J.: 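Just passing along the structure, written as structure tokens.
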Number of protein chains: 2
Amino acid sequence: MIGYRIKVLRQKRRLSLTELADRAGIAKSYLSYIERNLQKNPSIQFLEKIALVLEVDVETLIGEETMVKGVKQDLEQEWIDLARKAVLTGITKEEFQEFQRFVEYTNWKKKHKT
Amino acid sequence: MIGYRIKVLRQKRRLSLTELADRAGIAKSYLSYIERNLQKNPSIQFLEKIALVLEVDVETLIGEETMVKGVKQDLEQEWIDLARKAVLTGITKEEFQEFQRFVEYTNWKKKHKT
DNA sequence: GTACTTTGATCCGATAACCGATCATCGAGA
DNA sequence: TCTCGATGATCGGTTATCGGATCAAAGTAC
């Protein structure tokens, strides 16, 4: 639930509800209702304000659980963070794909060890 | 702008505005206003309904351009796809992190070649 | 040709989103 | 001890969201 995610992130950042609301330029009363999931349909602009202060993207707040044709499309946030970090480090897509092929090969090898 | 993105994706899927609205269970009048950016603050649930029909995640609709302390936080969709593929292939985070350290080491080596 | 259907745009209103003010409680400082 | 400020929760009101109805134009079938 979106409210819970906001609350956890806020606490992770050591922000009070009041502080987050002030910084985001939103009403703390509404934020309180959202965090407790008493209100569940905030607007995109409201969420963007919060995301900005919490230094995450909106997707993180709403949860990556979009279903596409019954197939779960969520990608664990940790993987996204890893990819992001990789980009900042300077890894190219080619290097990554090379690595992926290597792992596939390794797995294949494991499988055919007998 | 969010409305433009929705429109483009909808046309890509060969859906009429009416059809998308019907499938998403939303009012086509509001969708029309949104697509033309006459209204710019839809709710998260409204967007999730659209995203589901268009088979994208909400982030795609709103644009991955969240700025975090002046640093662009968008992550190229291709990288996300690579990460996703990696997960399906069975790569563990530990393996990936190992690889990352290796690349960092390689880059460091390159740098200190002289 | 006419009749019907579909499209996206326009209009108006109900209601939930979101606000500011207030409240009860707690903690810190004098 | 008392006072003040901060916290998160509660309350009532404004207004923008989002809905349904309608419209004008285009397309299709007979």
Side-chain angles (χ1 to χ4, degrees), chain A residues 1-69 73, chain B residues 1-69 73:
Chain A
M1 281 276 90
I2 188 168
Y4 178 71
R5 268 186 220 99
I6 290 175
K7 188 170 183 176
V8 169
L9 280 166
R10 171 173 68 79
Q11 292 172 338
K12 225 188 208 171
R13 304 283 192 273
R14 308 225 178 189
L15 292 171
S16 68
L17 184 145
T18 306
E19 184 75 26
L20 173 56
D22 282 346
R23 290 195 191 178
I26 57 176
K28 71 177 179 178
S29 58
Y30 187 51
L31 180 58
S32 178
Y33 275 101
I34 293 283
E35 282 199 358
R36 289 173 292 139
N37 285 311
L38 298 178
Q39 299 270 28
K40 303 171 184 178
N41 193 25
S43 70
I44 196 65
Q45 284 176 17
F46 183 86
L47 291 176
E48 280 174 344
K49 287 175 183 173
I50 293 178
L52 190 61
V53 175
L54 292 181
E55 301 183 338
V56 295
D57 51 32
V58 173
E59 195 80 13
T60 304
L61 295 185
I62 64 183
E64 293 153 355
E65 301 193 5
T66 310
M67 302 293 286
V68 179
K69 294 212 173 153
Q73 288 292 304
Chain B
M1 284 277 82
I2 188 166
Y4 179 73
R5 268 186 221 99
I6 290 174
K7 189 168 185 180
V8 167
L9 280 166
R10 172 174 66 79
Q11 291 171 338
K12 227 189 208 170
R13 305 283 192 274
R14 308 225 177 190
L15 292 172
S16 69
L17 183 146
T18 306
E19 184 76 24
L20 172 56
D22 282 346
R23 290 195 188 178
I26 58 174
K28 68 176 176 176
S29 58
Y30 188 52
L31 181 57
S32 178
Y33 276 99
I34 293 283
E35 283 198 355
R36 291 173 290 141
N37 286 311
L38 297 179
Q39 298 272 26
K40 303 172 185 176
N41 193 25
S43 71
I44 197 63
Q45 284 176 18
F46 183 86
L47 291 176
E48 281 174 342
K49 286 175 185 174
I50 293 178
L52 191 61
V53 176
L54 292 180
E55 303 184 338
V56 294
D57 51 32
V58 173
E59 194 80 16
T60 306
L61 295 186
I62 64 186
E64 291 154 357
E65 301 193 4
T66 310
M67 300 294 287
V68 178
K69 295 214 175 155
Q73 288 294 302

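Please read these numbers as outputs of a predicted model, since none were measured by experiment. A note on names: the letters A, B, ... follow the listed sequences, proteins ahead of strands, and every chain is numbered from 1.
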J.: Just how far, in rounded Å, is P of C:dA16 from CD of B:Q45?
T.: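 Interatomic distance, CD of B:Q45 to P of C:dA16: 12 Å.
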J.: Mind checking the CG-NZ spacing from A:L20 to A:K7? Nearest 0.5 Å is all I need.
T.: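 Atom-to-atom, A:L20:CG and A:K7:NZ are 12.5 Å apart.
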J.: If I compare all heavy atoms of A:I6 with all of A:L54, which pair ends up nearest, and what's the gap?
T.: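 For A:I6 versus A:L54, the nearest heavy atoms are O-CD1, 4.1 Å.
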J.: For A:N37, give me all partners under side-chain hydrogen bond (donor to acceptor under 3.5 Å, both in side chains), at least two apart in sequence or on another chain.
T.: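 For A:N37, no residue satisfies side-chain hydrogen bond (donor to acceptor under 3.5 Å, both in side chains) once neighbours in sequence are set aside.
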J.: Hey, can you pull the donor-acceptor pairs under 3.5 Å for the side chains in residues 23-31 of chain A, sequence neighbours left out?
T.:
unit_1: A:R23; atom_1: NE; unit_2: A:E19; atom_2: OE2; d: 3.2

J.: Per the end-axis method with five pairs at each terminus, what is the bend angle of the helix from C:dG1-D:dC30 to C:dA30-D:dT1, to 10°?
T.: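 That helix has its two terminal axes inclined by roughly 20°.
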J.: So what does A:L31 touch, heavy atoms closer than 4.0 Å: a base, only the sugar-phosphate, or nothing?
T.: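 No contact at all - A:L31 keeps every heavy atom at 4.0 Å or more from the nucleic acid.
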J.: Quick one: how far along DNA chain D does chain B reach, first to last nucleotide 5' to 3', anything under 4.0 Å to a heavy atom?
T.: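 The contact span of chain B on DNA chain D goes from D:dT17 to D:dA21.
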J.: To the closest 0.5 Å, what do you measure between CD (A:Q45) and CD1 (B:I2)?
T.: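 It is 9.0 Å, given to the nearest 0.5 Å.
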J.: Do B:L47 and A:I62 make a side-chain contact, defined as non-hydrogen atoms from C-beta onward lying under 4.5 Å apart?
T.: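 They are not in contact (no side-chain heavy atoms under 4.5 Å apart), so the answer is no.
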J.: Among residues at least two apart in sequence or on other chains, which ones pass side chain to side chain contact (heavy atoms under 4.5 Å, CB included) with A:D22?
T.: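 Once residues adjacent in sequence are excluded, the partners of A:D22 under the side chain to side chain contact (heavy atoms under 4.5 Å, CB included) criterion are A:T18.
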J.: Counting C-beta onward and ignoring hydrogens, is there a side-chain heavy-atom pair between A:T60 and A:L9 closer than 4.5 Å?
T.: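 In contact.
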J.: Could you list all N or O pairs between the protein and nucleotides 8-15 of chain C that sit under 3.5 Å apart?
T.:
unit_1: C:dG8; atom_1: OP1; unit_2: B:R10; atom_2: NH1; d: 3.4
unit_1: C:dG8; atom_1: OP1; unit_2: B:L17; atom_2: N; d: 3.2
unit_1: C:dG8; atom_1: OP2; unit_2: B:L17; atom_2: N; d: 2.6
unit_1: C:dG8; atom_1: OP2; unit_2: B:T18; atom_2: N; d: 2.9
unit_1: C:dG8; atom_1: OP2; unit_2: B:T18; atom_2: OG1; d: 3.4
unit_1: C:dG8; atom_1: N7; unit_2: B:K28; atom_2: NZ; d: 3.3
unit_1: C:dG8; atom_1: O6; unit_2: B:K28; atom_2: NZ; d: 3.4
unit_1: C:dA9; atom_1: OP2; unit_2: B:S32; atom_2: OG; d: 2.6
unit_1: C:dA9; atom_1: OP2; unit_2: B:R36; atom_2: NE; d: 3.4
unit_1: C:dT10; atom_1: OP2; unit_2: B:R36; atom_2: NH1; d: 2.8

J.: Can you tell me how far the CD1 atom of B:I44 sits from the CD1 atom of A:I34, to the nearest 0.5 Å?
T.: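 One finds 10.5 Å between CD1 of B:I44 and CD1 of A:I34.
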J.: Which pairs pass salt bridge (charged side-chain N to carboxylate O under 4.0 Å, His left out) with one or both residues in residues 31-44 of chain B, sequence neighbours excluded?
T.: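 Residue pairs passing salt bridge (charged side-chain N to carboxylate O under 4.0 Å, His left out), neighbours aside: B:R10-B:E35.
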